[in-house]
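Remember, predicted model here, so these are calculated numbers, not experimental data. Each chain gets a letter, A, B and so on, in the order the sequences are listed, and its residues count up from 1.
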Amino acid sequence: MGMNERYEPQAIESKWQSRWNESRLFEAGRRKGPRKYVLEMLPYPSGKMHMGHVRNYLIGDVYARYFAMKGFDVLHPMGWDAFGLPAENAAIKDKVHPAVRTEENIQSFVKELKSLGYSYDWSREVNTSDPSYYRWNQWFFIQMLEKGIVYRRFSKVNWCTGCLTVIANEQVVDGTCERCESKVEDKEMPEWAFRITKYSQALLDGLDELKEWPERITSMQRNWIGRSEGAEAVFKVEGSGQDIRVFTTRVDTIFGCTYVVLAPDHKLVASITTAERKAEVEVFAAEMAALGKEARTQEGAEKRGVFTGAYALNPFTGARVPVWLANFVLSDYGTGAVMSVPAHDERDFEFAKKYALPVTVVIQPETGEKLSAAALENAFTEYGVLENSGPYSGMKSADARTKMAQDLEAKGLGKLAITWRQKDWGFSRQRYWGTPIPVVYCTTCDPDRRGITVPLEQLPVKLPDIDVSEVLTGRGDPPLAKVPSFVNTTCPRCKGPARRETETMDTFVDSCWYYARYLSPKDDSAPFSPQAGRDWLPVDIYVGGPEHAVMHLLYFRFWSRVMKELGLSPVDEPVRRLITQGIVNGPDGRKMSKRWGNVVQPSSIVAKYGADTARAYVMFAGPPERDFDWSDDQVEGAHRFLKRVWVLAQAHEACASATFSGTYEGKALEIRRAAHKCCKRVTDAIERLSFNTAIAGVMEYVNALYAFEAPSSDAEKAAMAEAIRMLALLLTPFTPHLSEELSESYGGKTATVDQGWPSYDPALVVDDVLPYAVQVNGKLRAEIRAPAAAGEAEVRAIAEADERVKANLAGKQLKKVVFVPKRLLNYVVAGG
RNA sequence: GGGCGGGUGGCGAAACUGGUAGACGCGCCAGACUUAGGAUCUGGUUCCGCAAGGAGUGAGGGUUCGAGUCCCUCCUCGCCCACCA
């Protein structure tokens, strides 16, 4: 055996990678301990892996290896979020089939992942664009349709008048299409949606259980779900029998309502507008529709509105207030109508000033300050005490809110109401590269076009092969509608001619349940085995970017509940502990991007320094959750450290066969102490997610081992050999290849992950003599050393013998002494 | 505007529950070995000061024997959301 003169990472890394591969070292089920499921967000296989991926997977990999060493049966899988827009857009541009491009990218990803030595169980690889995967999306769709969780609705979409197709919000720039610069309009189109709002409360409540999720993620979800408690109130439209329902969180201000505003596309607009106002209202509504929701509700946009000519009646006072339309009121939040109280709402105030609408103060601050409508320069939006509010005058806002809502309900003119910011999830896309929605339309059996689901035994509905240049044009009908062999089918009911649904599913569907598919990736009777679900779920550690805080991470929590209802999964919450890693920026502190020319390719680092250096550097650079800027110098430093480890191990290789069974003392004992202290430090650091300090601990340890002269006695040799073996094991999660090489040359017979995580002897990690800080009035005046077992009296005696302490206490009156065992002594004195 | 994070040497960062601020690494300085070294090893390195000593964790206040850590006010950077009624 024997270690080479020089540290040559490329040679040892490929050697160990193939050994791990051949021995199937990382396949789940190999170890018999309790289970641990470590997962990283599956990547969308774009061109090349970037540093963000490297870091993401390293965090998972460190844990996977650590837990494996601790004897857990670890599941650590990897797969591909292979459907999606970029591949389809690239296809439109380059005429390469998305499947081809995606497959190339996957190959390149696999190669890079393997070169970094990640401990994946490749036997469970999942590809979401494979029919054996997406057939289960279709299966879920059908189950959920039957349970009423999937439904069809009409919804506004961005319609490009040039491409004659639906485009995404991001593609709309200033109301025009990013690609062809034609006008984009709102258009009502049918779409499929998940009734995720049925789960809003459950998803909100579930957040309280997620104690091991970062606060900022749960708080973002809380915001996104956006529960708001308030009241609904009915304003009857004068002389029309129509009701305007408004939602408000501040029903306590209702006596100050001086007008009511509807969204421009509110369904009552046409029926309540008076004849003389009709022309103007129609122009306004049409203009708003043409502008699109994005543009018209942009922050900072001027408030604009138009009077409908209609009047509505305040449910409490019967007061007659005008009904307006305004650009800033949204038809899909609350009831699409608001009561305006300019004295107590910023937007209403601004609007009222512009259109000279009256302002009535009905809340006075509790500070005693007196507001008057005439003198008001800004809306007073805080809680206070009611006035000019009939029987409620004198009540506090909080109390009035409840009481007034109850009274509305009693009168049949409203109720307590809860509104959610979260909307149902529209998931159909007019795209090719996604899961086909398993529905057919038959004019005979289904004249209303509600859709007939494809029978389960006919799944999967596969994506047809296509001529890319004809089908993927980015314009006109949805791509699948251009493929007659796909569209034309037979009705499952009447066997007559029928047409298939040509829309595909949002790719967020794919990532809703992939983690469960890893449990039984080849199962063709179910999405996954419920038994495996009971064995492995929930995922113990999930690692990914915080950019998924509210889409993916909310959708898959929703899906998890659905899977539980379907009897597939035992858990509500899919993930116990979530880790969100920070961004790796370029050396210039800017986001890595081709535009700035500051991209560092993982492959180039591996080629130059080896995977272990890349791994050590990325883990050492800072805490996982924080962003950091790439630093070539620090990479050099990490590499230097690994070379030092190599040289150290090589220098003492002769010790590998040493044995000793007596009592360690002197230098040999010091070596053992250093090893065991390091073990404790690294173990604690990994448990606290502090990988950078874990590595710092090993660095200190290596420095300490360098300081020991050549071991001469058997005891010293044996201690040194033990120390190097310890080093190899402690580094295994971070630099596994180097560790294997070290371990092997020191007599290791198995892979380091199979050697177990080292334990330390508690007796060896405590010192006999400890440093104490001696303070006078909180200022450090001396440092002394005292036996670990010493009590206050003994430490004081040592301290008071110190010249500096004596000098600082001389002539002062001692008031008190604070003694903190094992740390410090503080003399509190007066005078001088 | 709302929510959530940060702000500590020349730089990346440590300091787990209030207890010697700056571990570890980078950079820099000095020395050693060297034909040479941008290789390696050893030592030094918060700032001011020759020193004794003093100052110091974005700013200001407070609690405490003692505050980077807790409380209040403010400044600043980043991310997410945002005319949400």
Glycosidic class, syn or anti, of B:rG9 using a 90° window around 0: syn

Nucleotide B:rC65, atom C1' - distance to CD of A:Glu792 in whole Å: 13 Å

Distance-only donor-acceptor test (3.5 Å): side chain A:Asp633, base B:rC26: no

A:Arg688 side-chain N/O to B:rA15 phosphate OP1/OP2 under 4.0 Å: yes

Paired nucleotide for B:rG66 [Watson-Crick or G-U wobble; both distances under 3.5 Å]: none

CD (A:Glu709) with more than 12 external heavy atoms under 6.0 Å: no

Complement of B:rG5, any strand, by Watson-Crick or G-U distances under 3.5 angstrom: B:rC77

Side chain of A:Leu330 (C-beta onward), nearest among B:rC84, B:rC80, B:rG5: B:rC84

N-O pairing of A:Asp767 and A:Arg785 below 4.0 Å: no

Counterpart base for B:rA30, defined by Watson-Crick or G-U wobble contacts under 3.5 Å: B:rU42

Side-chain-base donor-acceptor pair under 3.5 Å for A:Gln634 and B:rG25: yes

Residue A:Glu215, side-chain heavy atoms: nucleotide from B:rG5, B:rG19, B:rA13 that is nearest: B:rG5

Span that lies between the P atom of B:rG25 and that of B:rC72, in whole angstrom: 39 Å

Ring geometry between A:Phe255 and A:Phe316 (parallel below 30°, tilted from 30 to 60°, perpendicular above 60°): tilted

Whole-angstrom distance between B:rC24 and B:rG78, as gauged at atom P: 33 Å

Span that lies between the P atom of B:rG7 and that of B:rA55, in whole angstrom: 25 Å

Counterpart base for B:rC11, defined by Watson-Crick or G-U wobble contacts under 3.5 Å: B:rG25

Atom pair distance, as rounded to whole Å: OH in A:Tyr333 and C1' in B:rC81: 13 Å

Nucleotide nearest A:Lys816 (side chain, heavy atoms from C-beta), chosen from B:rC65, B:rU20, B:rA85: B:rC65

Under-4.0 Å side-chain N/O to phosphate OP1/OP2 contact, A:Asn692 with B:rA14: yes

5'-most by nearest nucleotide on RNA chain B - A:Arg421 or A:Ser228: A:Arg421

Which residue lies more 5' along RNA chain B, comparing A:Gly778 with A:Arg626 via nearest heavy atoms: A:Arg626

Nucleotide nearest A:Arg804 (side chain, heavy atoms from C-beta), chosen from B:rU20, B:rG53, B:rA55: B:rG53

Base-pairing mate for B:rC16 - Watson-Crick or G-U, with both contacts under 3.5 Å: none

Integer angstrom distance from the C1' of B:rG10 to that of B:rC47: 12 Å

A:Asn703 vs B:rG25: side-chain N/O to OP1/OP2 distance below 4.0 Å: yes

Interatomic distance where CD belongs to A:Gln221 and P belongs to B:rG3 [whole Å]: 19 Å

Salt-bridge present (A:Arg216, A:Glu625; N to O < 4.0 Å): no

Nearest-angstrom distance, P atom, B:rG61 to B:rG56: 11 Å

Sugar-phosphate, base or nothing in reach of A:Asn223, heavy atoms under 4.0 Å: sugar-phosphate

P atoms of B:rC28 and B:rG19, separation to the nearest Å: 35 Å

Selected nucleotide, minimal atom distance to A:Phe620 side chain, candidates B:rG5, B:rG12, B:rA39: B:rG12

Closest to side chain of A:Tyr706, choosing from B:rU42, B:rG25, B:rC65: B:rU42

Pair A:Gln650, A:Tyr7: side-chain N/O donor-acceptor within cut-off below 3.5 Å: no

Among B:rC83, B:rU20, B:rG54, the nucleotide that comes nearest once only the side chain of A:Arg347 is considered: B:rC83

Sugar-phosphate, base or nothing in reach of A:Lys815, heavy atoms under 4.0 Å: nothing

Residues A:Arg644 and A:Asn703: side-chain donor-acceptor under 3.5 angstrom: yes

B:rG44 and B:rG22, which share atom name C1', separated by this distance in whole Å: 16 Å

Residues A:Asp684, A:Arg688: salt bridge by 4.0 Å N-O rule: no

Shortest non-hydrogen contact between A:Lys806 and A:Ala801, atoms and distance: CE-O, 3.8 Å

A:Val818 side chain, from C-beta outward: closest of B:rG27, B:rA23, B:rC65: B:rC65

Gap between atoms CG and C1', on A:Asp348 and B:rC84 respectively (whole Å): 12 Å

Separation of the P atoms in B:rU73 and B:rG3, to the nearest angstrom: 13 Å

